[in-house]
K.L.:
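I have a structure here, written as structure tokens, and I will follow up with some questions on it.
In what follows, chains carry the letters A, B, and so on, assigned in the order in which the sequence lines appear, proteins first and then strands, with residues in each chain numbered from 1. Keep in mind that the numbers below use all heavy atoms, side chains included, and drop hydrogens, waters and symmetry copies.
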Amino acid sequence: MTLQPERIRAVVSAIPPGAVATYGQVAALAGYPRHARHVGRVLARAGGDGLPWHRVVGAGGRIALPARSPAAREQVRRLRAEGVVVTAGRVDLARCRWQPGLDELLWGPGFATSGD
DNA sequence: TCAATGACGTATC
DNA sequence: CGATACGCCATTG
């Protein structure tokens, strides 16, 4: 196998509630830079393995799924339920973007960096 | 093996 | 901001 879905799943499942990450971000964190599409493929295949797939959005916080699709609505619903602000099919990355690393180690997940 | 596709991303118009 | 184009690469027919 050339790709390890396991890696993708690990990253996605590591996203804390109330935070979101982009496909590219997840891919990069998983060790597959520029493999953003494969993240989507893995999620599509997961489809309910208990992965917080709804915490994964497109570039700029855009919902990657068709707004009419039930999945998209479900995603928005879940995000809002976690306190994520979703407007016009978009997530406020400035507040909800998952920033793993030292920050997370020091402040812990859920710590919303005011970015601005 | 080739061609088409996809829960993407960036650049350009 | 919407439409297009191109890059990316595993998967599928």
Side-chain angles (χ1 to χ4, degrees):
Chain A
M1 78 210 183
T2 49
L3 188 156
Q4 303 186 46
E6 217 177 289
R7 210 82 184 88
I8 308 286
R9 284 191 236 156
V11 176
V12 174
S13 106
I15 305 175
V20 298
T22 65
Y23 288 89
Q25 194 182 343
V26 172
L29 289 171
Y32 299 105
R34 298 182 287 289
H35 281 228
R37 323 184 72 146
H38 299 176
V39 175
R41 180 165 279 291
V42 172
L43 291 181
R45 204 174 167 211
D49 279 336
L51 285 178
W53 57 271
H54 58 273
R55 290 180 196 143
V56 183
V57 297
R62 231 172 93 291
I63 301 296
L65 292 150
R68 317 290 174 180
S69 189
R73 287 199 275 174
E74 181 64 19
Q75 179 171 27
V76 174
R77 195 175 100 146
R78 286 188 132 197
L79 288 175
R80 282 180 177 165
E82 293 182 354
V84 176
V85 180
V86 184
T87 53
R90 272 184 34 169
V91 174
D92 199 332
L93 275 189
R95 292 190 303 193
C96 307
R97 184 167 174 233
W98 180 42
Q99 300 181 324
L102 190 59
D103 294 3
E104 186 183 67
L105 296 177
L106 294 179
W107 305 322
F111 190 94
T113 55
S114 297
D116 166 61

K.L.:
Within the distance-only criterion (no hydrogens, no angle test), does the side chain of R55(A) pair as donor or acceptor with the backbone N or O of I15(A) below 3.5 angstrom?
P.N.:
yes
K.L.:
Determine whether any donor atom in the side chain of R37(A) lies under 3.5 Å from an acceptor atom in the base of dC9(C), or the reverse, and answer yes or no.
P.N.:
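A donor-acceptor contact between them is absent.
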K.L.:
For L3(A) and dG6(B), give me the distance from atom CG to atom P, rounded to whole Å.
P.N.:
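Whole-Å distance recorded here is 19 Å.
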K.L.:
Which heavy-atom pair separates V85(A) from R95(A) by the least distance, and what is that distance?
P.N.:
CG2-NH2, 2.8 Å
K.L.:
Which distance, rounded to the nearest 0.5 Å, do you find between the CG of L93(A) and the CD of Q25(A)?
P.N.:
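Output value for this atom pair is 8.5 Å.
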K.L.:
Any N or O donor-acceptor pair linking the side chain of H35(A) to the base of dC9(C) at under 3.5 Å?
P.N.:
no
K.L.:
Give the nucleotide from the list dA7(B), dG9(B), dG7(C) with an atom nearest to the side chain of A36(A).
P.N.:
dG9(B)
K.L.:
Between P on dC8(B) and CD1 on I63(A), what's the gap in Å once rounded to a whole number?
P.N.:
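It is 11 Å, rounded to the nearest whole Å.
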K.L.:
Let me know the distance between CD1 of I8(A) and P of dC8(C), rounded to the nearest Å.
P.N.:
18 Å
K.L.:
Rounding to an integer number of Å, can you tell me how far E6(A) CD sits from dA10(C) C1'?
P.N.:
17 Å
K.L.:
Can you check the Q75(A) CD to dA7(B) C1' distance for me, whole Å?
P.N.:
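Checked: the CD to C1' distance equals 8 Å.
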K.L.:
Check the distance between dT11(C)'s P and Q4(A)'s CD and give it to me in whole angstrom.
P.N.:
12 Å
K.L.:
Between Y32(A) and Q4(A) (side chain of the first, backbone of the second, donor and acceptor by atom type, cut-off under 3.5 Å), is there such a pair?
P.N.:
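Between the backbone of Q4(A) and the side chain of Y32(A) there is a qualifying donor-acceptor contact (under 3.5 Å).
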K.L.:
For the backbone of L51(A) and the side chain of R9(A), can you confirm whether one donor and one acceptor N or O come within less than 3.5 Å of each other?
P.N.:
no
K.L.:
In this structure, how many angstroms lie between the C1' atom of dC9(C) and the CZ atom of R41(A), rounded?
P.N.:
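Going from CZ in R41(A) over to C1' in dC9(C) covers 10 Å.
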K.L.:
Output the single nucleotide from dA10(C), dA7(B), dC1(C) whose closest atom is nearest the side chain of H38(A).
P.N.:
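Nearest to the side chain of H38(A) among the choices is dA10(C).
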K.L.:
Between C1' on dA7(B) and CG on L79(A), what's the gap in Å once rounded to a whole number?
P.N.:
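After rounding, the gap between these two atoms is 13 Å.
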K.L.:
Closest approach of L43(A) and Y23(A), non-hydrogen atoms and distance?
P.N.:
CD1-CE2, 3.9 Å
K.L.:
Is Q75(A) reaching over with its side chain to a backbone N or O of L65(A), donor-acceptor style, under 3.5 angstrom?
P.N.:
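Flag not set: sc Q75(A) to bb L65(A) has no pair under 3.5 Å.
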K.L.:
Base, sugar-phosphate, or nothing: which does A59(A) touch, judged by heavy atoms less than 4.0 Å apart?
P.N.:
sugar-phosphate
K.L.:
Which listed nucleotide (dC9(C), dG9(B), dC1(C)) is nearest to the side chain of Y23(A)?
P.N.:
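Within the option list, the nearest is dG9(B).
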K.L.:
Within the sub-3.5 Å range, which N or O atoms of nucleotides 11-13 of chain B have a protein N or O partner, and how far apart are they?
P.N.:
none

